[in-house]
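The block underneath contains the structure these notes are about, expressed in structure tokens.
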Amino acid sequence: MSNDRITRTASPTVPGISDSTRVKSGDLVFISGQVGFEPDGSVPASFERAIELTYGELERALTAAGATYEDLVRVNVYITHLDQEKLVTWRRTRDRIVHVPEPSASTVIGVFSLYNGATIEIDAIAAV
């Protein structure tokens, strides 16, 4: 499925990065504070598992709004104690989970702590 309401302009200097996004009129969905915990409510043992669960929660919220990863226009990712290793793990895991021809613009922000000990949290905007 392709969302023809979204136009992405590639960055001239960084391949694969969306420099700007234009959304034609319609509904926007704002998804806040998605975190991934194990079914028992505990923090996942590995950062990769936390990413998988968090993106699962993001997908659940998108589906509830009638949207998919392809409809995302903006994603903010908050990672505790962000370093190069966590950044590489996030990119690799995200790319494995989110299969879209043109990924949304995103910002990764290092933070000290998140809700209930979570290691990653995502908020997003989708155009539906």
Side-chain angles (χ1 to χ4, degrees):
M1 176 175 156
S2 177
N3 190 332
D4 61 357
R5 291 183 49 237
I6 303 170
T7 305
R8 293 182 175 88
T9 304
S11 169
T13 57
V14 183
I17 301 294
S18 177
D19 192 41
S20 64
T21 304
R22 178 175 172 255
V23 180
K24 295 177 188 170
S25 67
D27 292 329
L28 294 179
V29 176
F30 294 83
I31 300 168
S32 64
Q34 300 303 303
V35 294
F37 293 110
E38 295 292 354
D40 67 0
S42 65
V43 174
S46 76
F47 183 56
E48 184 172 348
R49 173 78 173 146
I51 297 166
E52 292 167 350
L53 290 169
T54 302
Y55 272 92
E57 288 300 307
L58 176 58
E59 186 172 30
R60 180 196 55 73
L62 287 166
T63 299
T68 69
Y69 288 132
E70 203 164 346
D71 299 313
L72 289 171
V73 293
R74 179 81 181 150
V75 175
N76 291 320
V77 180
Y78 307 91
I79 297 174
T80 58
H81 309 291
L82 180 62
D83 60 17
Q84 199 60 34
E85 182 179 339
K86 280 188 169 181
L87 186 59
V88 168
T89 301
W90 169 73
R91 283 186 177 142
R92 183 185 66 240
T93 307
R94 180 217 42 201
D95 290 348
R96 179 172 47 81
I97 295 168
V98 180
H99 296 283
V100 295
E102 294 183 80
S104 66
S106 62
T107 300
V108 178
I109 304 160
V111 297
F112 181 74
S113 66
L114 294 168
Y115 172 75
N116 206 28
T119 56
I120 180 171
E121 182 171 334
I122 297 173
D123 64 49
I125 302 170
V128 295

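Counting begins at 1 with the first residue of the sequence. Quick caveat: nothing in here was measured; it's all calculated off a predicted structure.
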Taking only residues two or more places apart in sequence, or in another chain, which ones meet E121 in a salt bridge (Lys or Arg N to Asp or Glu O under 4.0 Å)? none

Do any pairs count as a ring-ring contact (aromatic ring centres under 6.0 Å, His included) and have a residue in residues 85-104, sequence neighbours left out, and if so which ones? none

Out of curiosity, I125 CD1 to S32 OG, how far, rounded to the nearest 0.5 Å? 11.0 Å

Pairs where residues 106-128 contributes a residue and the test ring-ring contact (aromatic ring centres under 6.0 Å, His included) is met, not counting sequence neighbours: H81-F112

Shortest non-hydrogen pair, I31 vs A61, comes out as CG2-CB, 3.7 Å

Interatomic distance, E48 atom CD to T89 atom OG1 [nearest 0.5 angstrom]: 7.0 Å

Within the side chain of T54, is there an N or O that forms a donor-acceptor pair under 3.5 Å with the backbone of G36? yes

May I ask you to test the V35-Y78 pair for a side-chain heavy-atom distance under 4.5 Å? no

State plainly whether one hydrophobic cluster holds both V128 and L58, where clusters connect Ile, Leu, Val, Met, Phe, Trp and Tyr through side-chain heavy atoms under 4.5 angstrom apart. yes

Please check if V75 and V100 belong to a single hydrophobic cluster, counting links between Ile, Leu, Val, Met, Phe, Trp and Tyr side chain heavy atoms closer than 4.5 Å. yes

Do R94 and S106 come close enough that some side-chain heavy atom pair is under 4.5 Å? yes

Assess whether atom CZ of R91 is packed by more than 12 heavy atoms of other residues, nucleotides or ligands within 6.0 Å. no

Tightest non-hydrogen contact, residues N116 and G41, listed as ND2-O, 4.2 Å

Ignoring hydrogens and geometry, is there a side-chain-to-backbone donor-acceptor pair from D71 to T68 under 3.5 Å? yes

Hydrophobic cluster identity match, I51 and L87, side-chain contacts under 4.5 Å: yes

Shared ILVMFWY cluster between Y55 and F37, side chains joined below 4.5 angstrom? no

Salt bridge (Lys or Arg N to Asp or Glu O under 4.0 Å) contacts touching residues 32-47 (sequence neighbours left out): E38-R49

Within the structure provided, determine whether F47 and T93 are in side-chain contact (heavy-atom separation under 4.5 Å). no

When clusters are formed by joining ILVMFWY residues with side-chain heavy atoms under 4.5 Å apart, either directly or through shared neighbours, do L62 and V29 land in the same one? yes

Distance from T119 atom OG1 to L82 atom CG, nearest 0.5 Å? 11.5 Å

Identify, with sequence neighbours excluded, every residue that meets salt bridge (Lys or Arg N to Asp or Glu O under 4.0 Å) alongside E59. none

For F30, give me all partners under ring pair (Phe, Tyr, Trp, His ring centres under 6.0 Å), at least two apart in sequence or on another chain. none

How far apart are the closest heavy atoms of K86 and T80, and which atoms are they? NZ-O, 2.7 Å

L53 CG to R60 CZ distance, which is reported to the nearest 0.5 Å: 12.0 Å

How close do A126 and A67 get, heavy atom to heavy atom, and via which atoms? CB-CB, 4.3 Å

